[in-house]
Amino acid sequence: MSLRFFNTYSRQLEEFTPRDPTSRKIDIYTCGPTVYSRAHIGNFRAYMFEDLLQRHLEARGYAVHRVMNITDVDDKTIRGAREAGIPLAKFTEQFKQAFFEDIETLRIKPADEFPAATDQRYIDKMIAMIETLMSRGLAYQADDKSVYFRINKFPNYGKLAHFDLSELKPTGRVRHDEYDKEHIGDFALWKAWDEEDGEVGWDSPWGRGRPGWHIECSAMATALLGDQIDIHCGGVDNIFPHHEAEIAQSEGVTGKKFARMWLHCAHLLVDGQKMAKSLVNFYTVPDVLAKGYTGRELRYALLRVHYRTQLNFTWEGMHEARESLERIDDWLMRLRECGASFQPANSGSGQVENLPHNFDDALDDDLNISAALGFLFETIRETNRAMDVDELEAATANAWLSWWERINRVLDLEKETADAIPPEISRLADERARARAEKNFARSDELRDQIAALGWQVRDTKDGQKLARRRT
RNA sequence: GGCGGGGUAGCCAAGUGGUAAGGCUGCGGUCUGCAAAACCGCUAUUCGCGGGUUCGAUUCCCGCCCCCGCCUCCA
């Protein structure tokens, strides 16, 4: 099956082909966080989708070069810094750090580059792009000294969102400049300095000011990836106006098609509603950890629903994630024991080449993770059944382990580490083994309870006791 | 109003023009000293509603209802 994705631009599933068909290298640009507060789990749902996209493309043999921007100057960061009474860079730094901590907790692969909007290199690039747009009549400086993009000069504006521009009307969400612009839809490329900006500002041919939000992505994407990129991703809310503006700016400067494919992730809801700070349903990664869940469990919860479907986050869903992962953990433990059970006489460990590719094929189909996980769990049941009746050969078990290692490079869901058994637990377990040898089941059960109270679970198998860490 | 996404068992969620994957939960069973885990069975004659096309539709077409999102700086 060929790789295909739903392209927002065409609203259709399209076969994915890299822009350079002779190489396996592809470039992806993903919109990153605005560092004015700690990112919430909804933000990470989008980054999780991008992680899955990258990992699957890599599993299919592509060398992915991915850039994620960090927006560290905008209205909210400036306001936050002012209210905190500290410089902008110092204010945003804490949230940049928090962001990197969180993606590590969630095992999201870091992008190859995380350009920041305030980097002078990109400020220069933004100014250069705006100058080009001005020279082509695609931008103008208004009476308020800010520079705007003239959307009427860019016929494709609105194509990505499929919006009719004549329908654009003011919503009152914009702070100012309604009266200075030629068209209500014209967006700021360069914002003239005003008092609220304080120390924040850069000199430009149009006076002191700061970049508009959209231009930074166009500048950083083209600076790092060239005039054209293979895939551009973000949340659905970015489609309009942000990505529309990016297309207008980038193509207005380069004259080339900016992105070959646009992929957008649906929103995360909490208890059926949009997450909002005003409601009590606003969660960050640390909030979820504080409830006793692990990053891995949250990763599973965010990963398991198709990216174009709204994902309803609930604590019941977190519980489901935990239980599903334990099923995988137990399966792996069993497979490993089975695989190590004897050395096959004629080595030739496993028939990996015969294992099904359903998992990868499902992901080829617009990242159908639900179907992919379905195959995983079917496999788990079938191999468990074989192990129950001692009919799974060690070589086959090892082959399935190899298969798991392959798909786990995409899922990255394996338990952190094999938990070391603490001496105290070992001691109790040994004592319990002695009690059991003497058929002293009362003592055995008592010790099992003690072990459980310490967060461990003991299971009796035909090979003796098995200890496992349990978080529930 | 415009533009999207979606309505499948208690919950989450795949899927196909030919009669409904998988996960979680619950119940019953096998195994176990008892558990746990695993396995087996049961939980949608039915896929928002009404028509139509078809030998046959949940899947295609038409109409309707409902939910969610976007419509200028929110992933």
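Side chains included, hydrogens not; waters and symmetry mates left out as well; all remaining heavy atoms used. Every chain is numbered from 1 and lettered A, B, ... according to where its sequence line falls, protein lines coming before strand lines. Being a predicted model, the structure only gives us computed values, none of them experimental.
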*Distance test, side-chain N/O of A:R385 to OP1/OP2 of B:C40, below 4.0 Å*: yes
*Relative to the ring of A:W404, is the ring of A:W331 parallel (under 30°), tilted (30 to 60°) or perpendicular (over 60°)?*
perpendicular
*Can you find a side-chain donor-acceptor pair between A:Y140 and A:D186 that sits under 3.5 Å?*
yes
_If stacking means aromatic ring centre less than 5.5 angstrom from the base's six-membered ring centre, planes under 30°, is A:F441 stacked on B:G33?_
yes
*Rounded to whole angstrom, note down the P distance from B:G52 over to B:G10.*
29 Å
_Nearest-angstrom distance from the residue atom CD1 of A:I184 to P of B:G2_ = 21 Å
*asked:* By nearest heavy atom, map A:I239 and A:C265 onto RNA chain B; which one lands nearer the 5' end?
replied: A:I239
*So, does the side chain of A:D237 form a donor-acceptor pair with the base of B:G69 at under 3.5 Å?*
no
*A:R381 CZ - B:C24 P separation (whole Å)*: 11 Å
_Separation of atom CZ in A:F163 from atom P in B:G2, rounded to whole Å_ = 13 Å
*Closer than 4.0 Å, any side-chain N/O of A:K76 to the OP1 or OP2 of B:C74?*
yes
*Could you tell me the separation between the OH atom of A:Y307 and the P atom of B:A14, rounded to a whole number of Å?*
13 Å
*Roughly how far apart, to the nearest Å, are B:G2 and B:A20 at atom C1'?*
36 Å
*asked:* Looking at A:V67, is its backbone amide N or carbonyl O close enough to the side chain of A:T30 to form a donor-acceptor pair, meaning the two atoms are under 3.5 Å apart?
replied: yes
*How far, in whole Å, is B:G29 from B:G63 if one measures between their C1' atoms?*
50 Å
*Determine whether any donor atom in the side chain of A:R11 lies under 3.5 Å from an acceptor atom in the base of B:G4, or the reverse, and answer yes or no.*
no
_Does a side-chain N or O of A:R327 approach OP1 or OP2 of B:A37 to a distance below 4.0 Å, or not?_
no
*Nearest nucleotide by nearest heavy atom, which residue falls closer to the 5' end of RNA chain B, A:E378 or A:D74?*
A:E378
*With rounding to whole Å, what would you report as the distance between B:A57 and B:G51 at their C1' atoms?*
13 Å
*Give a yes/no answer on whether the side chain of A:N384 brings an N or O atom under 4.0 Å of OP1 or OP2 in B:A38.*
no
_Rounded distance in Å between the C1' positions of B:U46 and B:G5_ = 24 Å
*Examine the base of B:C73 for any acceptor or donor lying under 3.5 Å from a partner atom in the side chain of A:K191, and report the outcome as yes or no.*
yes
*Which nucleotide, B:C12, B:C71, B:C34, lies nearest any side-chain atom of A:F240?*
B:C71
*Can you find a heavy atom in the side chain of A:L3 that is under 4.5 Å from one in the side chain of A:L57?*
yes
*Hey, does the side-chain of A:N43 have a donor or acceptor N/O within less than 3.5 Å of a partner on the base of B:C74?*
no
_Closest nucleotide among B:A35, B:A75, B:G23 to the A:S324 side chain_ = B:G23
_A:M275 side-chain proximity, nearest of B:A75, B:C11, B:A36_ = B:A75
_Whole-Å distance separating the CG atom of A:D329 from the C1' atom of B:A38_ = 15 Å
*Of the options A:D75, A:D74, A:D144, which is the one that meets A:K191 in a salt bridge (charged side-chain N to carboxylate O under 4.0 Å, His left out)?*
A:D75
*Looking only at atom C1', what distance separates B:G26 and B:C67, rounded to whole Å?*
28 Å
*asked:* Please confirm whether the shortest side-chain N or O distance from A:R304 to OP1 or OP2 of B:G23 is below 4.0 Å.
replied: no
*asked:* By the 4.0 Å heavy-atom rule, please label A:H214 as base, sugar-phosphate, or nothing.
replied: nothing
*asked:* Can you tell me the base-pairing partner of B:C24? Count Watson-Crick or G-U wobble geometry only, both distances below 3.5 Å, and say none if there is no partner.
replied: B:G10
*Just checking A:N368: base, sugar-phosphate only, or nothing, at a heavy-atom cut-off of under 4.0 Å?*
sugar-phosphate
*Rounded to the Å, how far apart are A:F6 CZ and B:G5 C1'?*
9 Å
*Go ahead and name the base partner of B:C3; Watson-Crick or wobble counts if both distances stay under 3.5 Å, otherwise write none.*
B:G69
*Out of B:C34, B:A38, B:A75, which nucleotide sits closest to the side chain of A:D460?*
B:C34
*Among the candidates B:U72, B:C34, B:A75, find the nucleotide nearest to the side-chain atoms of A:F187.*
B:U72
*Specify whether A:F95 and A:F91 have parallel, tilted or perpendicular ring planes, treating 30° as the upper limit for parallel and 60° as the lower limit for perpendicular.*
perpendicular
*asked:* Over all strands shown, is A:S444 touching base, sugar-phosphate only, or nothing at heavy-atom distances under 4.0 angstrom?
replied: base
*asked:* Under the criterion side chain to side chain contact (heavy atoms under 4.5 Å, CB included), I'd like the reasoning laid out for A:W315 against A:V288: C-alpha separation, chi angles, the key distance, then a yes or no.
replied: CA-CA 9 Å; A:W315 295 110; A:V288 175; 4.2 Å; yes
*For A:L376, which contact category applies under a 4.0 Å heavy-atom criterion: base, sugar-phosphate, or nothing?*
nothing
*Closest non-hydrogen atom pair between A:Q54 and A:R66, with its separation*: OE1-NE, 2.6 Å
*So what's B:U58 paired with, Watson-Crick or G-U wobble, going by both distances under 3.5 Å?*
none
*Across the strands shown, which category fits A:V389 at heavy-atom distances under 4.0 angstrom: base, sugar-phosphate, nothing?*
nothing
*Counting any heavy atom closer than 4.0 Å, what does A:H242 reach on the DNA or RNA strands: base, sugar-phosphate only, or nothing?*
nothing
_Any donor-acceptor pair under 3.5 Å from A:R299 side chain to A:L411 backbone_ = yes
*To the side chain of A:S370, which of B:A14, B:U72, B:A75 is closest?*
B:A14
*P atom, B:G15 versus B:C64: distance in rounded Å?*
27 Å
*Side-chain-base donor-acceptor pair under 3.5 Å for A:Q310 and B:G69*: no
*For the pair made of CZ in A:F359 and C1' in B:G22, what is the distance, rounded to whole Å?*
13 Å
*Would you mind classifying the nucleic acid contact of A:G42 as base, sugar-phosphate or nothing, using non-hydrogen atoms under 4.0 angstrom?*
base
*Rounding to a whole Å, what distance do you find between A:K159:NZ and B:G4:C1'?*
18 Å
*What integer number of Å spans the C1' atoms of B:C71 and B:C61?*
30 Å
